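In the text below, chain A, chain B and the rest are named by the order of the sequence lines, each starting its count at 1. Small disclaimer: the values here were computed from a predicted structure and weren't measured.
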Amino acid sequence: MLDVKYIRDNLETVEERLGTRGEAVNLSRFREFDLQRRGLLQEAEKLKALRNAVSEEISRIKDKSQARDRIAEMREVSQKVKVLDEQLKVVEEALEGCLLTIPNIPHETTPIGKAETDNVEIRKWGEIPQFAFAAKPHYEIGESLGILDFERGARITGARFTLCKDAGARMERALINFMLDLHTEQHKYVEMLPPFMVNRESMTGTGQLPKFEEDLFRLEGVDYFLIPTAEVPVTNIHRGEILKGSELPLCYTAYTPCFRKEAGSYGKDTRGYIRQHQFNKVELVKFARPEESYRELDLLLADAEKVLQLLQLPYRVVELCTGDLGFSAAKTYDIEVWLPSQNTYREISSCSNFEDFQARRASIRFRENEKAKPEFVHTLNGSGLAVGRTVVAILENYQQADGSVVIPEALRPYMGGMEKIG
RNA sequence: GGAGAGAUGGCCGAGUCGGCCGAAGGCGCUCGCCUGCUAAGCGAGUAUACUGGGAAACCGGUAUCGAGGGUUCGAAUCCCUCUCUCUCCGCCA
């Protein structure tokens with residue numbers, strides 16, 4: 001959510017900068033609701049002030065018969081207040097609804113662009129493997145090794161669900177532990193294991209709602225949703241709180257499964273393990289001081305990259321352009337891992353600074369010192385990493401001519417010393 | 001699922017028959033005084049949001065005692081609904 005006062009005072013700038021996201025933005029509705037609200041508010045508050053003053057007078061009059069006129073007068077005032085308050089409520093809801101659907105303003109360093117193709121490559125890491133044979137896609141490798149079972153996954157649930165078996169299941173678990181250990185022991189994040197379903201307020205706080213309800217799995221009977229990412233429960237840990245400046249930045253890491261409807265991605269990545277309705281992810285979340293948030297974003301990105309470096313998987317980092325930026329983000333770096341079968345890099349992590357956009361929605365603030373005014377924190381998060389796609393990358397990059405897959409050295413301690421599958 | 005108890009400021013905790021209650025008292029914290037050091041003591045201060053005015057410091061108004069609604073000139077206090085927490089019973093990994 002953007003600052004109402006900022007929009008009010010910089011309407012054209014805001015429209016223009018939001019326009020770089022690719023959708024025309026018209027804030028005239030906002031302006032109208034804002035004006036209406038303040039008009040009604042002033043009127044109502046004036047009457048309330050009068051009522052409060054006269055009520056106090058009445059309280060001092062011993063003989064209530066002498067207050068009869070004033071009581072009658074105030075009865076009328078209260079009626080008017082009631083009407084105004086009702087109108088106000090309608091306008092405020094409209095204004096709120098308006099605000100909740102306005103995306104974040106891209107950071108000034110976010111490259112202007114229309115789509116994915118305008119993203120900017122920042123750096124590449126690692127050697128792209130050269131195979132003396134035709135590199136197989138991960139789903140063929142996984143199926144022939146008996147560690148990924150798409151058919152039975154679909155039988156159990158449906159399309160885009162996969163059964164991990166034997167060393168495949170073990171590798172998922174190993175990667176989760178490997179990543180969590182790295183981030184908690186080397187990068188000093190605090191581990192969290194949050195609920196995997198959240199309420200509507202939490203989804204609104206991080207920006208999934210109200211606009212993207214069709215992407216979420218919703219439970220029946222209660223207003224709970226399956227989380228599409230750990231960002232939601234972990235960021236909402238501090239919803240409604242005022243943190244101490246001295247404890248910032250707060251750095252949390254969490255493993256959770258993620259559930260996404262993938263509405264609108266029909267036909268994309270239909271085969272294999274790339275795009276699932278349920279996948280595992282280790283997430284990194286930070287709450288930082290505004291002036292430190294971009295430095296923290298660089299650190300967070302480096303922490304995520306470290307996973308791929310240790311696993312010796314080639315990747316590149318791209319900076320998303322304004323047209324490709326998520327709703328809540330001001331700036332995003334994607335980490336893309338090399339997939340030999342596709343002869344291209346595919347997203348495996350997305351690291352974003354949301355600045356105060358989520359903090360304002362979720363009311364997460366901090367006080368620099370005892371007497372300081374509360375300020376909104378900046379929230380950040382990034383995948384560290386998507387576990388399923390890491391499995392995909394390992395299978396493809398570490399595949400051997402005989403169909404076996406070598407296990408990255410860093411992962412072996414987590415797989416009982418296993419050196420290869422098959 | 002059944003029965004009961006509760007929800008007040010950073011924390012603890014008071015709030016009588018509705019009015020002078022944004023809310024006693026204590027703890028904590030901040031600043032000052034005092035004091036070889038520490039402790040104790042003394043004095044002052046210590047919520048948030050919106051809104052009007054002001055360049056600002058700041059001044060005024062409104063709202064907030066779990067949430068929403070009702071009664072009333074006036075609600076932390078009375079009534080209704082909901083949510084959450086705790087205790088007991090049942091069930092269960």
Side-chain angles (χ1 to χ4, degrees), chain A residues 1-10 30-100 193-205 219-225 233 236-248 250 257 287 356-377:
Chain A
M1 195 157 69
L2 302 178
D3 182 6
V4 175
K5 286 175 197 156
Y6 182 79
I7 307 178
R8 189 186 293 155
D9 297 338
N10 304 278
F30 163 84
R31 192 218 293 272
E32 196 178 311
F33 291 141
D34 181 51
L35 276 166
Q36 277 180 27
R37 186 186 87 95
R38 283 185 292 157
L40 287 167
L41 195 66
Q42 281 172 50
E43 218 179 315
E45 289 193 346
K46 227 155 89 184
L47 289 176
K48 284 179 187 175
L50 173 69
R51 184 179 65 186
N52 286 348
V54 175
S55 287
E56 207 210 313
E57 267 178 53
I58 293 170
S59 75
R60 282 201 301 264
I61 295 170
K62 296 271 158 42
D63 182 359
K64 290 294 186 238
S65 64
Q66 289 186 13
R68 206 175 296 149
D69 290 353
R70 267 171 278 198
I71 288 177
E73 223 176 288
M74 287 311 105
R75 187 176 297 144
E76 261 176 57
V77 169
S78 273
Q79 283 310 308
K80 284 186 198 159
V81 166
K82 200 175 168 182
V83 172
L84 287 170
D85 275 347
E86 274 161 14
Q87 293 175 339
L88 198 57
K89 196 177 164 187
V90 172
V91 172
E92 284 191 329
E93 270 166 17
L95 184 66
E96 180 83 355
C98 196
L99 279 171
L100 287 175
L193 186 61
F196 300 159
M197 357 175 151
V198 299
N199 58 33
R200 186 170 286 275
E201 289 71 45
S202 292
M203 283 294 186
T204 306
L219 273 70
E220 218 168 285
V222 276
D223 206 17
Y224 294 167
F225 300 83
N236 277 282
I237 288 173
H238 294 299
R239 174 153 50 86
E241 293 186 18
I242 300 177
L243 305 165
K244 286 189 188 134
S246 58
E247 62 192 357
L248 298 179
L250 284 170
F287 302 82
D356 62 6
F357 187 83
Q358 293 180 326
R360 185 170 281 110
R361 288 176 159 244
S363 186
I364 308 169
R365 294 172 292 172
F366 77 103
R367 219 190 289 270
E368 190 51 61
N369 58 63
E370 293 291 339
K371 330 174 258 216
K373 276 233 178 315
E375 278 181 77
F376 288 111
V377 298

Counting only side-chain nitrogens and oxygens, does A/Arg75 get under 4.0 Å of the OP1 or OP2 atom of B/rC73?
yes
Taking atom C1' in both B/rA67 and B/rU85, compute the distance separating them and give it to the nearest angstrom.
15 Å
I want to check one thing: is the phosphate of B/rG74, taken as OP1 and OP2, less than 4.0 Å away from some side-chain N or O of A/Ser78?
yes
Please give, in whole Å, the distance from B/rU83 P to A/Arg200 CZ?
16 Å
In whole Å, I'd like the distance from the CD1 atom of A/Ile242 to the C1' atom of B/rC29.
15 Å
Could you tell me how far apart A/Glu96 (CD) and B/rA49 (C1') are, to the nearest whole angstrom?
13 Å
Separation between CG of A/Asp3 and CZ of A/Phe357, rounded to the nearest 0.5 Å:
12.5 Å
Within the 4.0 Å heavy-atom criterion, would you say A/Lys82 contacts the bases, only the backbone, or no part of the nucleic acid?
sugar-phosphate
Quote, to the nearest angstrom, the C1' distance that separates B/rU30 from B/rC37.
23 Å
A/Arg367 side chain near B/rU48 phosphate (N/O to OP1/OP2, under 4.0 Å)
yes
Salt-bridge contact A/Arg70-A/Glu57 (side-chain N to carboxylate O under 4.0 Å):
yes
What's A/Arg68 touching, base or sugar-phosphate or nothing? Going by heavy atoms closer than 4.0 Å.
nothing
Rounding to an integer number of angstrom, what distance separates B/rC27 and B/rC86 when you compare their C1' atoms?
24 Å
Between B/rG74 and B/rG19, how far apart are the two C1' atoms, rounded to whole Å?
6 Å
What's the separation between atom CE in A/Met197 and atom CG in A/Leu219, rounded to the nearest 0.5 Å?
5.0 Å
Its contact letters, B for base, S for sugar-phosphate only and - for none at protein heavy atoms under 4.0 Å, make nucleotides 50-61 of chain B read SSS--------B
Starting from C1' on B/rU48, measure out to CD on A/Glu375 and report it in whole angstrom.
15 Å
Over all heavy atoms of both residues, which pair between A/Phe225 and A/Met203 is shortest? Give the atoms and the distance, please.
CB-CE, 3.5 Å
Under 4.0 Å between a Lys/Arg side-chain N and an Asp/Glu carboxylate O for A/Asp34 and A/Arg38?
yes
Between A/Glu86 and A/Glu56, just flag the one whose closest nucleotide in RNA chain B comes earlier from the 5' side.
A/Glu56
Using atom P in both nucleotides, what's the gap between B/rU38 and B/rA57 to the nearest angstrom?
36 Å
Distance check needed: B/rC84 P versus A/Asp223 CG, whole Å only.
12 Å
Closest to side chain of A/Tyr224, choosing from B/rC84, B/rG19, B/rA63:
B/rC84
RNA chain B in dot-bracket form (Watson-Crick or G-U pairs under 3.5 Å, [ ] crossing, | inter-strand) is ((((((((.[[[..)...(.....]]]((((((.......))))))(((((((....))))))).[[[[[..)....]]]]])))))))....
Which part of the nucleic acid, if any, lies within reach of A/Lys89 when heavy atoms closer than 4.0 Å are counted: base, sugar-phosphate only, or nothing?
sugar-phosphate
Does A/Ser55 form a side chain to side chain donor-acceptor pair (under 3.5 Å) with A/Asn52? I'd like the steps, not just the answer.
CA-CA 5 Å; A/Ser55 287; A/Asn52 286 348; 5.7 Å; no
If you check the A/Pro374 side chain, which of B/rA49, B/rC73, B/rC84 turns out closest?
B/rA49
Give me the distance, rounded to whole Å, that separates B/rG18 from B/rG28 when you measure between the P atoms they each carry.
36 Å
Assess whether a salt bridge exists between A/Glu56 and A/Arg60, defined as any Lys/Arg side-chain N lying under 4.0 Å from an Asp/Glu carboxylate O.
yes
I want to check something: taking the side chain as every heavy atom from C-beta on, are A/Ile364 and A/Phe376 in contact at a cut-off of under 4.5 Å?
no
Side-chain contact test, heavy atoms from C-beta onward, threshold under 4.5 Å: evaluate it for A/Ile7 versus A/Leu99 and give yes or no.
yes
For the pair made of CD1 in A/Ile58 and P in B/rG18, what is the distance, rounded to whole Å?
17 Å
How many whole angstroms separate atom CG of A/Leu47 from atom P of B/rA63?
12 Å
Name the nucleic acid region contacted by A/Arg60, choosing base, sugar-phosphate or nothing; use a 4.0 angstrom heavy-atom cut-off, strictly under.
nothing
A/Gln87 side chain reached by A/Val83 side chain, heavy atoms, under 4.5 Å:
yes
Could you work out the separation of B/rU81 and B/rU71 based on their C1' atoms and round it to a whole Å?
15 Å
In whole Å, measure the gap between the P atoms of B/rG61 and B/rC20 for me.
16 Å
Rounding to an integer number of Å, can you tell me how far A/Gln66 CD sits from B/rC73 C1'?
16 Å
Within a strict 4.5 Å, meaning less than it, do heavy atoms of the A/Glu241 and A/Val377 side chains meet?
no
